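Owing to the predicted nature of the structure, the values given are computational and were not obtained by experimental measurement. Numbering of ligands and ligand atoms starts at 1, following listing order.
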Amino acid sequence: MARPIVAIIGRPNVGKSTLFNRMIGWKKAIVDPQSGLTRDRLYGVADWRGREFTVVDTAGLDLDGAKDSSRAAIEAQSKIAIDQADVIVFLLDVRQGLTPIDRDIARMLRTSRRNLIVAANKADSPSERHLAHEVSELGFDEPSLISAQHGLGVGELLDRVIGVLPRPDEAAPADDNADRLAIMGRPNVGKSSLLNALLGDERALVSPTPGTTRDPIDTELSFDGVPVVLIDTAGIRRKSSSRDRLERYSLLRGIHAMERADVVLLVIDASAGVLAQDQHVAGYALEAGKGLVIVVNKIDLVEPDMRMLAYWRKALASDFKFAAYAPVVAVSAKTKVGIPSILPVALEVVGQRRIKMPSNELNRVLRDAFVEHPPPSFKGRRLKLTYATQAGDQTPTVVMFVNDTNLLHFSYRRYLEKKVRDRFGLVGNPLKLVLRAEETRRSRARAAK
Ligand code: GDP
């Protein structure tokens, strides 16, 4: 199910990325410093009072990583945010008051029907209220006064945000049972070329009467009889009619597409290598619980020994250490080498999301793992597992009931994850290990009696 998207918009230097960091926390449990995932991200999954949503700092940043803070870029990004996000947080700087750019953005917002929350940042002392008048003159509700840097008022702001999020059943696109693949990647890595090459495969039949998906720009096809939807990420197919590069490669559009997908096909240009943006996309797929396939394109442009899959598996291992579960394919959209392997690999990854992990087997695997290599003790205490079970989630998820949820060290988490994967596969998918205090299970069992 697609998570709702909350976009933070505003001119440069109002504190968007500081607020972004506050909102998502650092997800320390899954993103450790050694994982190779850089932290200067601008999008991630937030969790507040049990509601999950995606937060995007629009910041004039496109999928190419180009940071453009011109007025035109800010306006274009704000427009896309208004178009794609479910909730907009419009951030102002309380110390500077309303600037002409703020007023421009406000004008765009006023005519949209999006859920809008205005927040005034850098209100380090709660007495700074003069901006509230200016904001209400614009016709908006009272702004939330916050200090993103000091964390003041952020909880109240998040409460307002979840108060206007669409309800899960409203946001659900669940309108068909097709496998949904999103083709992602930086500009010019060859996404459109790949899409066309995939459609040229004789096993792929493009549906003559599209109609099962809500988005008219998606491509529906049947591959060996399996219904597949290729989700358009960057206006791939409208290339010729698209005037605005900014809009085509908008990160927000990409995220919107990813949220609707089961699996992300991350396209990388073999002749250019891996850039931080490529890692960010993979990191987001991990966080969002999506499957991931890394497609190395343009292998016709590199030396013969760099055309081998084995070469890329090895070369990508450190760049994508945090997503080591992702299968790699090496292809050329130009010569068609490797193209026939893409959809079978991607559909296998979708299939692995449906794997059932029977409780008795799961508990046996984990108990054996605990015996073979006991968890390290932390301040004299050790993690103890009472029971594990698979949660009914689209992302493979294991819930572990333990004595103390703070006792799971990152490396032990990785060890347990590996044991579960060795037994159940889950190729191409992140595995969510969720810890619950044993106490909650007992009290629930008592309540049920
Ligand atoms: P997009 O921006 O990711 O959709 O990239 P395009 O599909 O528009 O491709 C960008 C450029 O790379 C175009 O000039 C393509 O012809 C070229 N290209 C795409 N795939 C390949 C490939 O496999 N080999 C070579 N040599 N060029 C490619």
Measure from atom 19 (C) of ligand 1 to every heavy atom in S192, P187, S193, A270 and give the option owning the shortest one.
S193
Can you tell me which portion of V189 lies within the under-4.0 Å heavy-atom range of ligand 1? Options are side chain, backbone, both, or neither.
both
Donor-acceptor under 3.5 Å (Q390 side chain, V398 main chain)
no
Check: residues 148-156 side-chain donor-acceptor pairs under 3.5 Å, at least two apart:
| unit_1 | atom_1 | unit_2 | atom_2 | d |
| --- | --- | --- | --- | --- |
| H150 | ND1 | S147 | OG | 3.1 |

Going by the order shown, which atoms of ligand 1 are within less than 4.0 Å of some heavy atom of L301?
26 (N)
Please determine if V331 has a nitrogen or oxygen closer than 3.5 Å to a nitrogen or oxygen of ligand 1.
no
With a 4.5 Å limit on heavy-atom distance, are the side chains of Q84 and I5 in contact?
no
Does the distance from a Lys or Arg side-chain N to an Asp or Glu carboxylate O, for K290 and D262, drop under 4.0 Å?
no
So which of K336, K298, R186 gets nearest to atom 17 (C) of ligand 1, if we judge by its closest heavy atom?
K298
Where does N188 meet ligand 1, judged by heavy-atom distances below 4.0 Å: at the side chain, the backbone, both, or neither?
both
Please list, chain by chain and in numerical order, all residues satisfying salt bridge (charged side-chain N to carboxylate O under 4.0 Å, His left out) with D393, sequence neighbours excluded.
K432
Heavy atom to atom 3 (O) of ligand 1, shortest distance: which of K191, M184, K334 holds it?
K191
State, yes or no, whether a side-chain contact exists between T54 and Y284 at a heavy-atom distance under 4.5 Å.
yes
Short N/O distance, under 3.5 Å, between I299 and ligand 1?
no
